[in-house]
Amino acid sequence: LIGVFRYSTINYQEIILRLVGLSTFISSLTLPILLYSKSTNLENFKIKYLKPLLFLSIPNLIYCFFELIYRFTRNGTLYSFLVEAKDLIFVPKRTTQVVGSISGLFPEHGLFAPFLLLILGLSFLLIKKQTSLFLITILWILISFFHSSGLFIASIGLSIVIFLFLNLIKFISNLSIAKRSLKIFIKFTIISIILILIGQYTHSFLFNRFSTLLKNIDPSIFALFDKSLTYKLLPYFVFLNNSFVDLFIGSGLGNFSKLVISRLDYLPDFLLSNVYFMQNLSKERFSLNSTLLCAIMEYGLILWFFVIFLIRKNIRIFNPIMLFVDYSNILNYKYNLNEIISILFFMASFLTILGPVPLTYPFPFISLSLMIILFEGKKNNV
């Protein structure tokens with residue numbers, strides 16, 4: 001309704017896609033937790049529900065293996081076979097097929113990242129020499145070294161950074177001397193700001209000199225190095241230039257493209273001259289290059305708070321705040337090394353929603369659910 005009132009149009013296809021995406025989020029998050037609640041313990045849950053997921057990944061693993069062979073041999077016949085397999089069966093009606101960057105049975109390597117990170121989390125969680133899964137887990141770990149996508153690397157890096165940042169906060173909060181230092185730092189910052197404000201009048205020459213240097217730092221220089229990445233940051237630019245009212249009520253389902261067009265006057269010039277941006281502007285349809293931000297901007301924070309409230313009410317162990325508290329405590333919960341690595345990969349898979357992951361992909365939310373289950377299992381010693 002918000003979209004109808006604001007833009008006087010209804011895009012049924014986009015609305016249906018968003019509703020499917022919302023149902024995917026809810027079902028992917030809640031189903032593993034419900035299955036876990038019906039299991040006698042965590043080990044039973046792993047055997048009964050997680051092992052089959054790795055077995056189901058075998059077709060992707062085989063395709064990745066052939067991709068790896070092509071990558072080193074550049075065999076034309078093998079390339080044609082791999083492209084035809086995607087064209088006819090797995091990813092039909094696509095203008096170009098990506099082969100060789102280790103993308104499995106997915107349209108391209110970036111879209112493969114959430115799935116691969118989930119599988120790596122499962123592989124480290126279930127790896128045991130005596131089991132039938134051992135070869136599968138080892139092959140997936142080896143294959144991952146040859147996967148090429150920025151989202152894959154960035155998500156792993158961000159999961160590690162978040163872990164270190166949370167532990168840094170915890171470390172500082174436990175130090176009495178650090179608290180005093182923090183107070184001194186805050187006072188020093190306030191005094192510095194006051195001095196800068198006064199300095200524009202008492203030392204106008206120096207103030208103008210440095211302010212001129214800062215003003216001449218052109219962010220468009222960075223855009224010249226990677227036009228594709230610049231375009232992928234579009235949701236972040238729109239989000240930062242959105243109003244508080246729109247942030248809470250949203251732009252309406254399926255109206256991200258119209259929201260972008262309505263904010264054109266607020267977007268940086270280097271983005272407006274971006275070739276990918278202009279191509280999409282001519283079609284008046286923009287890619288959802290950040291699943292999380294686009295969902296927030298379309299649904300609005302009020303609706304998302306309501307959805308999370310309903311899930312929290314019906315799924316006791318679902319607690320977004322405690323998730324990050326538990327994540328910062330993985331070293332204190334006495335996990336073994338494989339379990340720690342597994343949780344890092346699950347977090348990385350979940351964090352891919354900051355990038356261009358399709359709304360209907362369940363992998364980030366399954367990873368989120370599995371993290372919650374692992375934390376709950378460890379706290380209950382099961």
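- The list of salt bridge (Lys or Arg N to Asp or Glu O under 4.0 Å) pairs with a residue in residues 46-69, not counting sequence neighbours, reads E43-K46.
- Looking at Y276 and L234, their side chains never come closer than 4.5 Å, going by heavy atoms from C-beta outward.
- Linking Ile, Leu, Val, Met, Phe, Trp and Tyr residues whenever their side-chain heavy atoms come within less than 4.5 Å leaves L240 and Y266 in two separate clusters.
- A distance of 9.0 Å separates CG of L53 from CG of L126, quoted to the nearest 0.5 Å.
- The number of heavy-atom neighbours closer than 6.0 Å to CZ of F145, taken from other residues, nucleotides and ligands shown, is 12 or below.
- Y70 carries R74 over the face of its six-membered ring, with the cationic atom under 6.0 Å from the centre and within 45° of the normal.
- Side-chain atoms of Y36 never come within 3.5 Å of backbone atoms of L31 as a donor-acceptor pair (strictly under, hydrogens ignored).
- W140 places a side-chain heavy atom less than 4.5 Å from the side chain of C64.
- Looking at heavy atoms from C-beta onward, F152 lies in side-chain contact with L120 at the 4.5 angstrom threshold.
- Residues E376 and F318 have side chains not in contact (no heavy-atom distance under 4.5 Å, counting atoms from C-beta outward).
- Counting non-hydrogen atoms of neighbouring residues, nucleotides and ligands closer than 6.0 angstrom, the CG atom of D269 reaches no more than 12 such neighbours.
- Closest of all the heavy-atom pairs between M371 and I343 is SD-O, 3.9 Å.
- Ring to ring, W304 and F25 are close: their centroids are under 6.0 angstrom apart.
- The distance from the CG atom of L354 to the OH atom of Y236 is 4.5 Å, given to the nearest 0.5 Å.
- No side-chain heavy atom of N167 sits under 4.5 Å from any side-chain heavy atom of N329.
- Within 6.0 Å of atom OH in Y49, more than 12 heavy atoms from other residues, nucleotides or ligands are found, so the atom counts as buried in its surroundings.
- Classification of the F106-F115 ring pair by plane angle, with boundaries at 30° and 60°, yields tilted.
- For S369 against S28, the heavy-atom pair with the smallest separation is CB-O, 4.0 Å.
- Within the model, atoms CZ of F45 and CD1 of I33 stand 9.0 Å from one another, a figure rounded to the nearest 0.5 Å.
- For the atom pair CD1 of I141 and CD1 of I136, the computed distance is 12.0 Å after rounding to the nearest 0.5 Å.
- Rounding to the nearest 0.5 Å gives a distance of 8.5 Å between NE2 of H147 and OG of S103.
- Minimum interatomic distance between I353 and V357 (heavy atoms only, all atoms of both residues): N-CG2, 4.4 Å.
- Side-chain N or O atoms of N242 include none that pairs as donor or acceptor with a backbone N or O of V238 at under 3.5 Å.
- The backbone N or O of V20 lies less than 3.5 Å from a partner atom in the side chain of S23, making a donor-acceptor pair.
- A donor-acceptor contact closer than 3.5 angstrom links the side chains of Y333 and D326.
- Residue F305 is grouped with residue L292 when hydrophobic side chains (ILVMFWY) are merged at heavy-atom distances under 4.5 angstrom, including chains of intermediate members.
- The side-chain heavy atoms of L323 and L368, taken from C-beta on, include a pair separated by under 4.5 Å.
- Considering only heavy atoms from C-beta on, F112 comes within 4.5 Å of N60 through its side chain.
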Next item on the list: Kindly determine whether S123 and T137 satisfy side-chain hydrogen bond (donor to acceptor under 3.5 Å, both in side chains), including the steps that lead there.
Entry: CA-CA 5 Å; S123 296; T137 57; 5.6 Å; no
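- There is no path of hydrophobic side-chain contacts, each under 4.5 Å, that joins V325 to F350.
- The environment of I321 atom CD1 is sparse: at most 12 non-hydrogen atoms of other residues, nucleotides or ligands sit within 6.0 angstrom.
- The two residues L344 and S159 make their nearest non-hydrogen contact at O-OG, 3.6 Å.
- Of the possible polar contacts, one joining the E339 side chain to the N336 backbone as a donor-acceptor pair under 3.5 Å is found.
- S349 contributes atom OG, which lies 5.5 Å from atom CG of L117 (distance to the nearest 0.5 angstrom).
- Between Y361 and T291, the closest side-chain pair of non-hydrogen atoms is not below 4.5 Å.
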Margin query: Applying side chain to side chain contact (heavy atoms under 4.5 Å, CB included) to Y327 and F346, what does each step give before you reach the verdict?
Written below: CA-CA 11 Å; Y327 186 63; F346 286 145; over 6 Å; no
Notebook entry, point to check: Does the side chain to side chain contact (heavy atoms under 4.5 Å, CB included) test come out yes or no for I261 and L264, once each step is laid out?
Noted result: CA-CA 5 Å; I261 294 171; L264 286 177; 4.2 Å; yes
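- The shortest heavy-atom contact between L351 and I162 is CD1-CD1, 3.8 Å.
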Item checked: Derivation of the side chain to side chain contact (heavy atoms under 4.5 Å, CB included) call for L370 and L122 -> CA-CA 9 Å; L370 292 179; L122 290 173; 3.9 Å; yes
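- Hydrophobic clustering (side-chain heavy atoms under 4.5 Å, transitive across Ile, Leu, Val, Met, Phe, Trp, Tyr) groups I138 together with I102.
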Checklist line | M347 and F324: CA distance, side-chain angles, deciding distance, side chain to side chain contact (heavy atoms under 4.5 Å, CB included) verdict | finding: CA-CA 10 Å; M347 176 60 82; F324 289 97; 4.2 Å; yes
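- Cation-pi contact between R312 and F309: absent, since separation from the ring centre below 6.0 Å together with deviation from the ring axis within 45° is not met.
- Nearest heavy-atom pair across Y63 and A85 is CE1-CB, 4.3 Å.
- Side-chain heavy atoms closer than 4.5 Å link hydrophobic residues (I, L, V, M, F, W, Y) into clusters, and following such links, even through other members, never connects V161 to I341.
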